Amino acid sequence: MTSSSDANDRSTVAPADQGWLDVGHGHRVWYEQTGALDGMAVILVHGGPGSSSTARQREIFDESRYRIIQFDQRGCGRSTPAGATAHNHTDALIADMEALRTHLHVERWLVSGGSWGAALALAYAARHREQTAGVLLRGTFLTSHADLDWFFHGVAALAPQANADFMQVIPRNWRRSAVTWLDRCFSGSNLEQTLQVAGAWQTYEMRLDNPHAVPVNVASLGSDATDRLIAKYRVQAHYLARRCFLGESRVMRAAASLGGLPVALVHGTNDRVCRPQNAWRVQRACAGSRLAWAAQGGHDPTYPAVFALLRGATRAFAETRDFSTWPGDSGSTPG
């Protein structure tokens, strides 16, 4: 274990250690390092698709023990060009992660991702197992047709008003093919419509996790915020319309291939965005993996029970380089 004095003696990566990595086809991927330069390397894989990395995402890690590497996926956040969908697919993202590992001279790292980031983390780890020290997943998304059907339709059983309000921005004859229409919408030139749809989509996501969330007021957004919002959902529509260039069978094969590697999953029992059964299935496919349920937790990693389990998992991995002692008495289901 590392004492407080040991932690203070560690060399650290300044928050200013950030930049862009040219990954080809006009794309530049933004990355940042924080934490301990000589600590356990971890790459954080953000969700979406289309979202971005934030400082809050790294709060589950002890910066005195971890070298924390974050990046914005192609077309996302600070990566350029923003919202670009050309040459933007999952195999390219996996290659970008590996290029970043090489660029930063990391031998092996813990791969941590939530939601869509969990699917991408599994796909990366399956392809680059030798470079993966372990995998930590939260709110797992399987990229399946069933996942999309749940998000756009099935969840209406639990959140009828939120779903009905979102469906109002989609033409009635397209609602059973919502993903296809959304992809066409964000590929089009009607910026006023695109902005309204993006605002409704973000509101929908927030209200699934928090029924009292304040709707996004797109009229109050400045030009930069407007551009970011449209770019986020353009990338998301592009990926979802193509099942994230993965599909459930490929994600499940990736999980099965990681047997024997330290793998931990956390999932909120009240997650309305990604169904809890996703984590249950991945855990059973991946021999030796461990799953902990966050009681009353939703999709957001800041739910107290979700955060506590994630923080406990990273603490255990820092101490033992596996998850064998996690989650203690919190209720795991070992594989």
Side-chain angles (χ1 to χ4, degrees), residues 18-33 41-54 57 69-106 108-132 135 137 140-144 147-148 179-180 182-184 186-187 227-228 230-255 257-258:
Q18 56 188 233
W20 284 267
L21 180 66
D22 189 336
V23 291
H25 298 289
H27 284 277
R28 294 193 310 156
V29 170
W30 181 91
Y31 68 91
E32 178 181 20
Q33 295 189 86
V42 57
I43 183 166
L44 274 61
V45 188
H46 69 71
S51 298
S52 60
S53 55
T54 67
Q57 292 163 3
I69 300 163
Q70 294 176 274
F71 76 108
D72 288 344
Q73 295 158 30
R74 293 190 183 201
C76 302
R78 286 147 287 192
S79 293
T80 62
T85 57
H87 303 289
N88 193 344
H89 50 84
T90 298
D91 284 348
L93 302 187
I94 293 172
D96 293 347
M97 292 170 65
E98 187 60 6
L100 183 59
R101 185 191 65 80
T102 302
H103 176 72
L104 297 177
H105 305 290
V106 174
R108 300 178 77 222
W109 52 13
L110 173 65
V111 182
S112 177
S115 195
W116 151 244
L120 180 55
L122 284 169
Y124 170 85
R127 187 168 301 179
H128 298 285
R129 180 177 173 126
E130 293 303 312
Q131 288 72 43
T132 302
V135 180
L137 309 174
T140 303
F141 175 52
L142 297 181
T143 76
S144 67
D147 277 338
L148 298 178
V179 178
T180 300
L182 289 166
D183 186 41
R184 293 185 180 188
F186 282 92
S187 299
D227 291 344
R228 288 195 299 271
I230 291 174
K232 173 182 177 178
Y233 288 102
R234 178 180 294 123
V235 172
Q236 188 161 155
H238 168 71
Y239 270 78
L240 295 188
R242 296 156 181 84
R243 285 190 293 172
C244 298
F245 304 92
L246 285 173
E248 180 180 306
S249 60
R250 184 172 167 189
V251 174
M252 294 304 297
R253 286 197 302 271
S257 75
L258 299 178

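Owing to the predicted nature of the structure, the values given are computational and were not obtained by experimental measurement. These numbers come from the heavy atoms of this one structure, side chains and all, not from hydrogens, waters or symmetry mates.
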TODO: Please tell me if the side chains of R184 and T180 come closer than 4.5 Å, counting only heavy atoms from C-beta onward.
DONE: yes

Task: Under 3.5 Å: donor-acceptor pair, side chain of H238, backbone of G83 - done: no

Open item on the list: Among residues at least two apart in sequence or on other chains, which ones pass salt bridge (Lys or Arg N to Asp or Glu O under 4.0 Å) with D22?
Closed with: none

Task: Test item: L104 and Y31 side chains (from C-beta on) under 4.5 Å apart, heavy atoms - done: yes

Open item on the list: Using modelled atom types and a 3.5 Å cut-off, is there a donor and acceptor pairing between side-chain atoms of S112 and backbone atoms of L44?
Closed with: no

Open item on the list: Run the side-chain contact (heavy atoms from CB on, under 4.5 Å) test on V235 and F186 for me, step by step, so that the C-alpha distance in whole Å, both residues' side-chain angles and the decisive distance to 0.1 Å come before the verdict.
Closed with: CA-CA 9 Å; V235 172; F186 282 92; over 6 Å; no

Task: Exam field: side chain R101 to backbone W109, donor-acceptor pair closer than 3.5 Å - done: no

- [ ] Decide yes or no for R243 and S144: does some side-chain heavy atom of the first lie under 4.5 Å from some side-chain heavy atom of the second?
- [x] no

Task: Which residues share a side-chain hydrogen bond (donor to acceptor under 3.5 Å, both in side chains) with R250, sequence neighbours left out - done: D91

Open item on the list: Is any side-chain heavy atom of V29 closer than 4.5 Å to one of Q73?
Closed with: no

TODO: Hey, could you give me the CZ/CG distance between R127 and L122, rounded to the nearest 0.5 Å?
DONE: 13.0 Å

Open item on the list: Strictly distance-based, threshold 3.5 Å: is any side-chain N or O of Q57 a donor or acceptor partner for the main-chain N or O of T54?
Closed with: yes

- [ ] Give the minimum heavy-atom separation between T143 and A119, together with the two atoms involved.
- [x] CG2-CB, 3.9 Å

TODO: Can you measure from CZ (F141) to SG (C244) and round to the nearest 0.5 angstrom?
DONE: 4.5 Å

Open item on the list: Rounded at 0.5 Å granularity, tell me how far CG in L93 sits from OH in Y124.
Closed with: 13.0 Å

Open item on the list: For D72, is there any backbone N or O sitting under 3.5 Å from a side-chain donor or acceptor partner on S79?
Closed with: yes

- [ ] Check the pair Q236, L182 against side-chain contact (heavy atoms from CB on, under 4.5 Å), reporting the backbone distance first and the verdict last.
- [x] CA-CA 9 Å; Q236 188 161 155; L182 289 166; over 6 Å; no

Task: Contact check, side chains of C76 and H46, non-hydrogen atoms, under 4.5 Å - done: yes

Task: V106 versus A41, closest heavy-atom pair with distance - done: CG1-CB, 3.7 Å

Task: From Q70 atom CD to S52 atom OG, the distance as rounded to the nearest 0.5 Å - done: 9.5 Å

Task: Non-hydrogen atoms of P49 and L240 that approach each other most closely - done: CD-CD2, 4.0 Å

Task: Donor-acceptor under 3.5 Å (W20 side chain, R78 main chain) - done: yes

Open item on the list: Let me confirm one number: the NE2-CG distance from H27 to D96, rounded to the nearest 0.5 Å.
Closed with: 8.5 Å

Task: Mutual orientation of the aromatic rings belonging to W116 and Y239 [parallel < 30°, tilted 30-60°, perpendicular > 60°] - done: tilted

Task: Under 3.5 Å: donor-acceptor pair, side chain of R108, backbone of E130 - done: yes

Task: Beyond-backbone contact of L100 with I43, side-chain heavy atoms, under 4.5 angstrom - done: yes

Task: Pair T80-R28, side-chain donor/acceptor within less than 3.5 Å - done: yes

TODO: Hey, could you give me the CG/NE2 distance between L246 and H89, rounded to the nearest 0.5 Å?
DONE: 11.5 Å

